[in-house]
Number of protein chains: 2
Amino acid sequence: MNYSINEISRLTKLSKYTLRYYEKEGLVPKIKRNSSGYRIYDEKDLEWLTFLLKVKETGMPIQTLKRFSRIMFNPKTIPERRKILLEHKQHIIQQQEKLQKSLDAIDKKFKKYDEIQRKSIEL
Amino acid sequence: MNYSINEISRLTKLSKYTLRYYEKEGLVPKIKRNSSGYRIYDEKDLEWLTFLLKVKETGMPIQTLKRFSRIMFNPKTIPERRKILLEHKQHIIQQQEKLQKSLDAIDKKFKKYDEIQRKSIEL
DNA sequence: ATGCACTTTAGAGTACACTCTAATGCAAGA
DNA sequence: TCTTGCATTAGAGTGTACTCTAAAGTGCAT
């Protein structure tokens, strides 16, 4: 199945500018073109973009995404890809801890506010 | 307890540049000065910076942090502060979902790699 | 009092990740 | 064939969040 840049933009919610920028920067592999030079994205490209967005959103660095994009069509690079993903998994776990700490700090504030308001009612 | 900008930089791991920038931008309230104009941070300032870093790191927008910093010494603003923090709590929960989705996508990749490597051994 | 390591400020510079512009070309319906 | 609406590119511009520079002042040990 093939897609125009417009369709991919709609499906990924990335602007056309961003899609072109990602290709220029090497975050996605070189996209096939039709005879007029228009981009033709295929299923694999869409799949990669979908995955890229998930891991990018959770903080995978641009450099790592470029690296992954460069090696992802070579079966010999599976060990390296595993390593990258394992590292990112550790990063996600650290983020989960940060979120929990932030949540705890917020709940502590709520308790403080409860206390202040309880005292003001006592008067 | 009072602290110099140097001590606060060490305690918060923010650079002195950043600490001055946060004050200029209103992310922290105006810091007291000694007779020479040097900043003197107190316990409250440190407490706010510690909290700010936790929620900033989990994506609370700068504008919201500025707002919070502006109202946080007025007890009448507790309901507004509660509202801000409740909204951020929702945001954190959404991020937790994103992290989980990213984690699931990574585990799917691992399974795919296992499959490919299993098949190559079978030959 | 001299030196050195701090501090201050306004404002300039940087890095990142887009975001857009301008010039140009292709596709297709009236 | 003309017009409208797509596409292409190189390269310029934007917004955010710092990060640093330059010039000047302060504190304190030698």
Below 4.0 angstrom from OP1 or OP2 of [N], is there any side-chain N or O of [X]?
X: B:R39; N: C:dT8; value: yes
X: A:R20; N: D:dG11; value: no
X: A:K16; N: C:dC18; value: no

Rounded to whole angstrom units, what separation is found between the [atom1] atom of [X] and the [atom2] atom of [N]?
X: A:Y17; N: C:dT21; atom1: OH; atom2: P; answer: 6 Å
X: B:N34; N: C:dC6; atom1: CG; atom2: C1'; answer: 12 Å
X: B:I8; N: C:dT7; atom1: CD1; atom2: P; answer: 12 Å
X: A:K66; N: C:dA17; atom1: NZ; atom2: P; answer: 8 Å
X: B:E23; N: D:dC18; atom1: CD; atom2: P; answer: 15 Å
X: B:K13; N: D:dC18; atom1: NZ; atom2: P; answer: 17 Å
X: B:L19; N: C:dT9; atom1: CG; atom2: C1'; answer: 16 Å
X: A:K32; N: D:dA7; atom1: NZ; atom2: P; answer: 17 Å

Go through [options] for me and flag the one nearest to the [X] side chain.
X: A:Y21; options: D:dT8, C:dT8, C:dA17; answer: C:dA17
X: B:I62; options: C:dT7, D:dC18, D:dA17; answer: D:dA17
X: A:Y38; options: C:dT7, C:dC26, D:dC18; answer: C:dC26

- First of B:K24 and A:L27 reached from the 5' end of DNA chain C, by closest nucleotide: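 In this pair, the answer is B:K24.
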- Toward the 5' end of DNA chain C, by each residue's nearest nucleotide, A:T18 or B:G37: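 Its nearest nucleotide lies further toward 5', so the answer is B:G37.
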Would you call [X]-[Y] a salt bridge at under 4.0 Å N-O?
X: A:K109; Y: A:D104; result: no
X: A:K101; Y: B:E57; result: no
X: A:K111; Y: A:E115; result: no

- Query: What orientation do A:W48 and A:F68 show, parallel under 30°, tilted 30 to 60°, or perpendicular over 60°?
  - Reply: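 Parallel, since the angle between the ring planes stays under 30°.
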- Query: Mapping B:P61 and B:S36 onto DNA chain D by nearest heavy atom, which one lands closer to the 5' end?
  - Reply: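 Going by which nucleotide is closer to the 5' end, it is B:P61.
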Validation: residues 29-40 of chain A side-chain donor-acceptor distances under 3.5 Å, sequence neighbours left out:
from  : atom 1 : to    : atom 2 : distance (Å)
A:K32 : NZ     : A:D42 : OD2    : 3.0
A:R33 : NE     : A:I31 : O      : 3.4
A:R33 : NH1    : A:G37 : O      : 2.9
A:R33 : NH2    : A:E23 : OE2    : 3.4
A:N34 : OD1    : A:S36 : N      : 2.8
A:N34 : OD1    : A:G37 : N      : 3.2
A:N34 : OD1    : A:Y38 : N      : 3.0
A:R39 : NE     : A:E23 : OE1    : 2.6

